[in-house]
Each structure stands twice: as C-alpha cells, then as structure tokens.
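Structure, as structure tokens:
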Amino acid sequence: MAEVNFQKIEKKWQKEWEKAGIFHVAEDSKKRKYYVLEMYPYPSASFLHMGHVRNYTLGDVYARFRRMNGFNVLYPMGYDSFGLPAETAAKKEGIHPKKYTEDAIKKIIEYMKALGLSYDWNRIIASHDQNYYKWNQFFFLKLFEKGLAYRKKSPVNWCEKCESVLADEEAEGGKCWRCGNEVMKKELEQWFFKITDYAEKLLKGLDRIDWPERIKVMQKNWIGKSYGTEIDFEVEGKAWPIFTTRPDTIYGVTFMVISSQHPRLMELVTENQKKEVENFVRKCQKARTAEEIENLDKQGVFTGKYAVNLLTKEKIPVYAGNFVLAEYGSGMVMAVPAHDQRDFEFARKYKIPMKVVIQPKNCKLSSEKIEKAYIDEGIMADSGNFNGMLSSKAIDPISDFIEKKKLGKRAVHYKIRDWLVSRQRYWGTPIPIIYCGKCGVVPVPEKDLPVLLPEKVDFKAKTNPLSSSKEFVNVKCPLCEGNARRETDTMGGFVDSSWYFLRYCDSKNKNKPFDENKVGYWMPVDQYVGGAEHAVMHLIYARFFTKALKDLGFVTFDEPFARLFNQGIVYKDGSKMSKSSGNVVFQTDISDKYGIDTARLFLMFVSSPDKQMEWSDEGVEGSFRIINKLIRLKEKVSGKGDARQESKMNLAVKKATESLEKFEYPRAIISVIECVDAFSDSLSRKNYEILLKLMHPFCPHITEELWHELGNKSFISLEKWPKADESKIDLEFEKQEKQSELVVDDIRNIFRILKEKQNKEPKKVYLYMLPKELGVYKDAKGSIEKSLNVPVEIFAVNDPKKYDPQNKAGKAKPGKPAIYIE
RNA sequence: GCGGGAGUGCCGGAGCGGCCAAACGGGCAAGCUUGAGGUGCUUGUGGCUUAGUGCCUGCACAGGUUCGAUUCCUGUCUCCCGCACCA
C-alpha cells in the first residue's frame, strides 16, 4: 500500500472547504438552526496543545454531526483579545499589546485551521477591535442610564503584582486568579454593575437550563440565597439591625459582634476603648494570606457599649470582631455561643457567658459545661413562650412574634455582590465617562462612540498607562464644553465575553451591536462547550448581561446558553497539561507524525469527553491504526452486502447516532470500529460510505479524501447523516455470532489441551447440533473454519449417517453443539 | 467544615438491577507475515479443573434491601474538584 500523506490530504481539504465556503451560514427560516459554541479563547502566543485540541474538536464533532443532520449550524470563533498578558508583555519586552495580540491571533487562527475546525470564519470577532468594543461602551451607557452601572467608593480587592483591582469572582480565596498573588483590600472609587438586582433571576433561571449539576451548584452557592430574619437590637436608643437565619436562638444571645471593617463602627466605641479598637482595626486591615484566613483565630475587642435584646430586655456587650463580614447582612451579628460554633469560640476566648436555649432530645446541656456549640435542632428552653417547641418549628412563630412587635422582619439575603468592572489597566475597553468640575459624572454621548483606546502611551509608567496620554485624558465636557477629564479606568475582560455570542450572529454590523432578528433566529446557544473554571465568572456574568439586555429591550430571551458541556482536563504524567507544568504535547507533535485526524480521534475516543483524561503516547498509535484500517478497508469494497452485513451496519448507525447525540463519543467510534473489523473481508460500497460518514465528524480530512477517491463529487462534510433502517436490524445475527464464537472458544480450548497433554495436532473438527440449529451453524461454518484453520464438518445429532466414533453427539445442548476432534 | 464527583484487569476506560463483568483501546507474551526491523494478522493475558460446554475468586471496605447488585440503600476509608468565618 502506498504511503498515505496525511499532511497533504489535510491541507488539500482545508483549502477546498475554504474555497467552496461550505461552512458559511446565513439565517434560513426553512431550516432548523443549531448554535454550537466554544468559549472564545484568550490569544496567547503559544501553540495549541492537546487540551485545546480536545476542547475545540469536541465542539467541531458536534457541529459537524448536527450539520450533517440537516441543521443550519452556526459555529463561529473569535478572540478574547483584551487582557493583562498582552500588557505585561508590552511592559517586559517592549512590544505593543496590539501587535502582541494580533500576532498571536494570526498564529492561533493558523493552528485552528490546521485542526480542521468547521468554523464560519466570516464571523470572526476580536474584542480589542474598536468595532467590537464600541458596543461594550454602548451597553455600558445603557446600563448607566438604567442605574445598573454605578460608581462608588468601596474597599476592593487589589492585586499588588497586577496593579489592578479584581472582582470578587477573580479574587477567590484571597488570591489573584491570574497571578496567584495575595489580594489586599483598598479603598477606591470603582465602577460596578448591579448584578445583585438579578440575584433571584439568576438563581431561578438555573432550573430552566440544561447544565452540568456541579456548575449549577457552584452558581447557587455563589449567589448564596438565605432566608432569615432581620432583628433590631438597641444601642443607646438607636436601632442596630442584624440578620439571622436562626431566630429560634434569639433567647440565647449573650453578646453582639460588629465587623472591624464596619463604616459605623466608631459610633459604638466609648472613649475608654477607642485606642484599643483602633489598634485592632488596623491589625485586621493588613493583607491576609490564604493560610492565615484558614486558621484564623476569632479575635475581637470590647467596644465599651451594650446593646439590648428587645425580646428579653437583656443588656449584652458589643464587640468588634475580625470574623464578621462588613459586606454581608448588616455587618453586625447577634452572637449565640451555645448554638453557633464561631460564637462559641469567641465567647470561650473572651470568657463571655453562654446560654443554652435549645436542648438535644436525648440529653441535657448545661450552659457552664458545654464543650462545643449545639447547632442541630432540639427542644426550645429558656425561651419565653416558645419553650417546649421543636426549634425548627419555632422559627416561624418567633419570626411572626418579632414582626408583630415591630422589632424586625423576615428577609432574604444573598451572598453575591455587585460586579466590579473597572480596571486600572490600559489594554481594555475605555469606560465612556467624563468627569467635569461643573457637571460631575457625564456619560460620553452615543454619537461620540467609540472612545478609542490611544495607541501611544507610556508603558513604563507606574500607574495606568492610559493616564499618561494627555490627548486621551484632557477633553471638553459634552454638556458645558468646559475642561474635563476622561475616565482612565477600562472595563474588565469579562464585560467583553458577556455578549460576544450575540455579536457572532451579526458580527459585521456597523450601526448596531446586532440585528434583533438575526439574534432572534440564532440564539440561544444550543450547545456551549467550555471549561468548568468559568463557573462563577464568565458563566454568571454572561447570564446577568443577557438578562439585563432583555430588560433593556435588546433581546427577547434571558438565558444565553441552553445546554452547557464541560470538557474534562487533559493530564500528562499526573498533572494538568499546561505550559507552566512543562508537560505539553503540541498539536504539531502529533499532526507531523500521524496527521491531525489521529489526534482528534484519539482525544475523542480514549475517554468520555466530560471526564479528565490521561494523555498517552502509545494510545495514539491505536487511533492511528484505526484510521489505517479504515483506509485499507477501501480495497475490500465489493458486492451488495448480505442481510447480515445490512443488519450490522444499521445497528451501528443507530448506536453511533444515539451516542453522538449524548456526547458519548467513544461509543460512537466503537460502533464504527466494530464494523471495520466485521467487514474486513468485504463490504458494499454503500456501507463503506456509511462508515466514512459515521467517522467523518472525528476524522474529517481522511474521510473527505476517501469519499472523493470513491468517485464522489460532493463534500462528505455536507452529506446527509445516514439513517438507521431498523427493519434491517436482526439481533438474531448478533446472537448467532456470539454463539459461534463460544463454539470456537471451546474448540480452541480442546486444541490446547490436546497439544499440551497428547501432543496432537488437530486435523478435523466435527460438530453435532440439534436439528433446528443446523441452519444457523451452516452459515457460520466458513467463519469457524477460517478462525480455526482446519476443516469442519457439521452433522445433526439425529443424523444416522453421522461420523461419531466417540459418541460425542449426546453432549449437544441448545446453542452449544457437541464437538469431536480428530 | 460544607457541597459535588469518583474508587472495576498491568494501564486508559465500558457496563449502572438478572442475559455478559471487563466492551473498545493500550501494554505485555507467543505464533504467523517479513531477509531483519517496522507494519499487518492470529491467539493468550485472576486461580483451579477439564476433550471442552465447569467450579472458585473478583468491580475500595463492612453491612443491608432483593429470588438476584459492580449497578439501589447505610456506614467507613481513599482520591479528585469546588466553596469556605455568608450569621
């Protein structure tokens, strides 16, 4: 067989596909649409490795599958091209971020094309393109008009290394998501999007989308809804509200704790305690490392003042503490040491009395001897009129009582906080706001958009390079035309990625972010593919943005991604394949050696796409063999195919189709492999073509080549997906096959024994079967002879003329013939 | 600590109530092919037993439900992932 030049074949078909423009799509009301999308990547200068290849191939397989099934498939690609790495490169190597980014994009496109991805390249977008970010600014203004974008001074996460603020989602665990540096708190004027307004909708919407459970759970936890009661405590006649989810413990409150970061903390501090509290506050402000937070000791100081629990009229001390969050609830808590572990630790440390108000059912706790907080349900005690009730059943009556007495009210709180969007960085979308001494905060008029990012700035500047551009900063106020100053903050990259999937629907529109009808046709994304690391960042922002755009009247739906698929991570040598781990296998490493189809096939074949997988250099060989078998099979094309072949083929089509739909790619591939093996003697041309089609999503190039070698003029990429004819599937064939395999196994077993014990070479095999099974095995005779390589003779057990010198025939059972070997 | 997921052969992994544990791929071993390699093909790969169509062991561990469990339930252990002082 002539050597197959995979590289040449790949290039050839990539060129042909592009020339014919077969992956370009337009709205077509007669066809059902399907939108497949992978998260658009950040363009870095490095090559694609197997992790990327897996991710994009995953989507491509699905897109190709849907396309062949007659859907009008939108499958676009673009680049998340604003962001810090480009700016860092500029600082370090003196390359302008624009050049860095655009060079990287050029490269990455080349690699993606070499993968054979069936993108509609006409729709390509890049977020650093002014035709894109103009609309970021446009939406920003719309959100500003609605009060959904606002500015406020607040303590924010600050990364010293990146010299920028971070959103909460970007500073999880007290570390910068980009560089891993410790995050500090800093007071700054910042822009926010009011995602908190949408907390409930974000939560509810999760029920309507088909996403992996764990992502939904992560989002639920991030939104963090809790039902509770707001209760006023009185300090010197003034009401100080607290929030609790456990009003059933209210009679056990023995002190209060206010956050050391609380803006009104000093109001509660007496002259005597002032110095001590101030020292404490300073100590708490210091940057905390992740470990410190983990093992953090509950600490606090007495403020000098007392609060009154209005239900019991008891006077209780107020402490400032380090374990109370200023941002959550009212920044102050009621402390019930007997029934909350944190409060317990604090009380024990500062020798504050405890009071048991919920007793376990099977024993009795005493306030003096309690060893740890009792947080489960129990019987109410020492709680006024509520004594004797089950604590969980007391929550409602107590809340009613509190509301009736006007001491507080039921409330719902969320953990999620507003989305901090401003960054003190250069390489991002300029925020379209002007500060005027007279008129204050003035939005840039829509007609002046885009506010262009100036190219000439000083990257060596210690602060945001944008502020080094006088031409940019100095501006006339749009209202009074007096001297004014531009906002130099830019938007974080997650603004860009919050609506890019909409822009794909109408990527070239100069007048609008997108045409409503086009978006109406394509959206929502039917199948989104991407990593789980974006669970509470991009995936929550994009949902919020879509909901906000709906309320602004731009779109008519409120969930952007109907179905989400998380691909598993590719590992090698025990750790995640990544540049920093130094264990990357590049796309070109494999494509140079075996061709890219082999890489695609292996990645789709070795394990379920949602599971993590281990890269194996040997395993790739297996996929290479499979492709070569498929190629060699072409030589065996002949005849029309008997009923057995038809049955098997249709069964394979059925299985492959079902498996592909469910993202069970390995099973789909296996059903093809089974046919390739089963038909290795001969198969009809039609069936060979079907196999090529089934294999095409995984190995688009070689199947396209073979398709044409057969004399076809069309593209297999656009061929119709085969449909299983269930009437031709006869499971009897499968059963027979299995049976004759078992017989062969038995015979082999005897062969082995004969050889080992008697050193005899078998010459001929006689099979005796039940008369009604005779037909079955007659069919199988040839294949049995072939696999054993000795002649086989078959008799019915009741055949008087049978040759049976050792009377074996009596051993025959249904499905299992008796055997005699000479 | 809380939440999610997983523990199957030498390895990657199928199976998710009985028909079948180990499909499919890899590795290893033997044989054939080849001048030798490589490729390709065939067979074997828990134990015992055997001119076979059988037994035992076995799907992390221990219990349970069931006529029947790798599959469902409970507890334990281990690993991975996410969150983490959210009142």
Side-chain angles (χ1 to χ4, degrees), chain A residues 1 172-174 212-218 220-222 224-226 228-229 242-246 249 257 259 290 293-298 321-325 327-336 339-343 345-346 413-417 532-533 535-536 568-569 571 601-602 605-608 610-626 628-629 632 664 666-667 669-674 677 680 735 738 742-743 745-754 756-758 760 762 786-789 806 808 811-813 815-821:
Chain A
M1 188 180 65
E172 285 190 49
E213 199 51 36
R214 65 190 193 112
I215 303 290
K216 290 206 215 177
V217 168
M218 274 193 244
K220 261 180 212 165
N221 292 343
W222 190 260
K225 182 177 188 175
S226 43
T229 309
I242 57 90
F243 175 73
T244 181
T245 53
R246 294 290 305 273
T249 63
V257 188
S259 168
I293 289 170
E294 213 166 293
N295 316 310
L296 196 65
D297 211 18
K298 314 269 172 296
N322 65 348
F323 67 99
V324 177
L325 299 174
E327 307 88 356
Y328 184 75
S330 61
M332 190 179 192
V333 297
M334 66 180 209
V336 189
H339 305 292
D340 182 289
Q341 189 56 27
R342 293 155 301 177
D343 299 347
E345 285 167 30
F346 193 88
H413 278 241
Y414 299 91
K415 281 199 282 186
I416 192 169
R417 278 174 279 151
E533 67 274 16
V536 292
I569 293 165
Y571 283 73
L601 183 63
F602 176 66
F605 175 50
V606 71
S607 103
S608 286
D610 58 324
K611 301 232 167 96
Q612 67 166 62
M613 67 169 279
E614 179 74 25
W615 177 261
S616 143
D617 289 325
E618 289 83 38
V620 180
E621 303 259 359
S623 299
F624 186 57
R625 269 174 224 148
I626 291 164
N628 281 308
K629 272 191 192 177
R632 263 183 265 120
E664 288 172 352
R667 300 176 136 271
I669 296 166
I670 286 168
S671 43
V672 177
I673 294 175
E674 280 172 346
D677 286 340
S680 60
K735 223 163 111 191
K738 235 174 220 170
L742 287 177
V743 172
D745 278 352
D746 284 339
I747 298 171
R748 277 214 182 94
N749 193 18
I750 304 169
F751 278 13
R752 212 192 56 240
I753 295 162
L754 284 177
E756 279 170 13
K757 303 226 159 152
Q758 304 175 19
K760 252 168 70 180
K786 203 183 152 207
S787 34
L788 293 170
N789 210 18
Q806 291 194 7
K808 298 280 184 191
K811 286 193 158 191
K813 282 183 187 169
K816 289 251 173 191
I819 303 163
Y820 172 66
I821 295 167

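Within every chain, numbering begins at 1; the chains are lettered A, B, ... in the order of the sequence lines, protein sequences first and strands thereafter.
Distance noted for atom P between B/rA14 and B/rA51: 40 Å (whole Å). With C1' as the reference atom, B/rU74 and B/rU65 are 10 Å apart, rounded to whole Å. Annotation: B/rA21 and B/rG13 have their P atoms spaced 23 Å apart (nearest Å). Of the C1' atoms belonging to B/rC24 and B/rU33, the separation is 26 Å, rounded to the nearest Å. The C1' atoms of B/rA22 and B/rG58 are separated by 11 Å, rounded to the nearest whole Å. Between B/rA60 and B/rC11, the two P atoms lie 14 Å apart (nearest whole Å). Only the P atoms considered, B/rC73 is 26 Å distant from B/rC20, to the nearest whole Å. Look at the C1' atom in both B/rC32 and B/rC55: the space between them is 35 Å, to the nearest Å.
Nucleotide B/rG25 forms a pair with B/rC11, judged by Watson-Crick or G-U wobble geometry with both contacts under 3.5 Å. Under the Watson-Crick or G-U wobble criterion, with both distances below 3.5 Å, B/rG3 is paired with B/rC81.
The distance between atom CG of A/Asp677 and atom C1' of B/rG25, rounded to the nearest whole Å, is 12 Å. Straight-line distance from the CZ atom of A/Arg632 to the P atom of B/rU39: 12 Å, rounded to whole Å. Here the P atom of nucleotide B/rU53 and the CZ atom of A/Arg748 are 17 Å apart, to the nearest Å. We find that CZ of A/Phe602 is positioned 10 Å from P of B/rG26, with the value rounded to whole Å. The nearest whole Å value for the distance from the CZ atom in A/Phe624 to the P atom in B/rG38 is 16 Å. Atom NZ of A/Lys629 is separated from atom P of B/rG40 by 9 Å (rounded to the nearest Å). The distance from atom CG of A/Asn628 to atom C1' of B/rG25 is 15 Å, rounded to the nearest whole Å. Atom pair A/Lys415:NZ and B/rC2:P shows a separation of 15 Å (rounding to whole Å applied).
Both A/Gly329 and A/Met613 lie near RNA chain B, and the one whose nearest nucleotide falls closer to the 5' end is A/Met613. Comparing A/Gln806 and A/Ser623 along RNA chain B, the residue whose closest nucleotide (by nearest heavy atom) sits nearer the 5' end is A/Ser623.
The aromatic rings of A/Phe602 and A/Trp615 stand perpendicular to each other, their planes meeting at an angle above 60°, with 30° marking the opposite boundary.
Comparing B/rA87, B/rG3, B/rG25 by their closest approach to the side chain of A/Phe605 singles out B/rG25. Comparing B/rG26, B/rA87, B/rA51 by their closest approach to the side chain of A/Glu618 singles out B/rG26. Which of B/rG25, B/rG26, B/rA23 sits closest to the side chain of A/Arg625 comes down to B/rG26. Distance from the side chain of A/Arg214 is smallest to B/rC81 among B/rC81, B/rA87, B/rC24. In this structure, the nucleotide among B/rG4, B/rG25, B/rA51 sitting nearest to the side chain of A/Ile626 is B/rG25. With B/rC80, B/rG44, B/rG27 as the choices, the nucleotide that has an atom nearest any side-chain atom of A/Gln612 turns out to be B/rC80.
Legend: residues meeting salt bridge (charged side-chain N to carboxylate O under 4.0 Å, His left out) with A/Lys220, ordered by chain and number and at least two apart, are absent. By the ring-ring contact (aromatic ring centres under 6.0 Å, His included) test, A/Phe624 is found to be paired with A/Phe6, A/Tyr594, residues two or more places apart in sequence or in another chain being considered.
Counting heavy atoms from C-beta outward, A/Tyr820 and A/Ile750 have side chains that stay 4.5 Å or more apart. Inter-residue side-chain proximity for A/Phe323 and A/Val257 is flagged as met; some heavy-atom pair is nearer than 4.5 Å. Residues A/Ile670 and A/Val672 are not in side-chain contact: their nearest non-hydrogen atoms beyond the backbone lie 4.5 Å or more apart. Between A/Val606 and A/Glu614, every side-chain heavy-atom pair lies at or beyond the 4.5 Å cut-off. No side-chain heavy atom of A/Pro212 sits under 4.5 Å from any side-chain heavy atom of A/Asp610.
When heavy atoms are screened at a 4.0 angstrom cut-off, A/Asp746 is found touching base atoms of the nucleic acid. Nucleic acid contact for A/Val336: none, since no nucleic acid atom lies under 4.0 Å from a heavy atom of the residue. Across all strands shown, A/Ser616 has no heavy atoms under 4.0 Å from either base or sugar-phosphate atoms. Residue contacts for A/Tyr414: at a heavy-atom cut-off of 4.0 Å it reaches no nucleic acid atom on any strand shown.
For A/Ser259 (side chain) and A/Gly331 (main-chain N/O), no donor-acceptor pair under 3.5 Å exists by modelled atom type.
Glycosidic torsion of B/rG9 falls within 90° of 0, placing the base in syn.
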For nucleotides 14-18 of chain B, which of its nitrogen or oxygen atoms have a protein nitrogen or oxygen under 3.5 Å away, and what is each distance?
residue, atom, partner, partner atom, Å
B/rA14, OP1, A/Ser608, OG, 3.4
B/rA14, OP1, A/Lys611, NZ, 3.2

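Residue A/Tyr328 places at least one side-chain N or O closer than 4.0 Å to OP1 or OP2 of B/rA87.
A salt bridge is absent between A/Asp343 and A/Lys298; no separation between the charged side-chain nitrogens and carboxylate oxygens falls under 4.0 Å.
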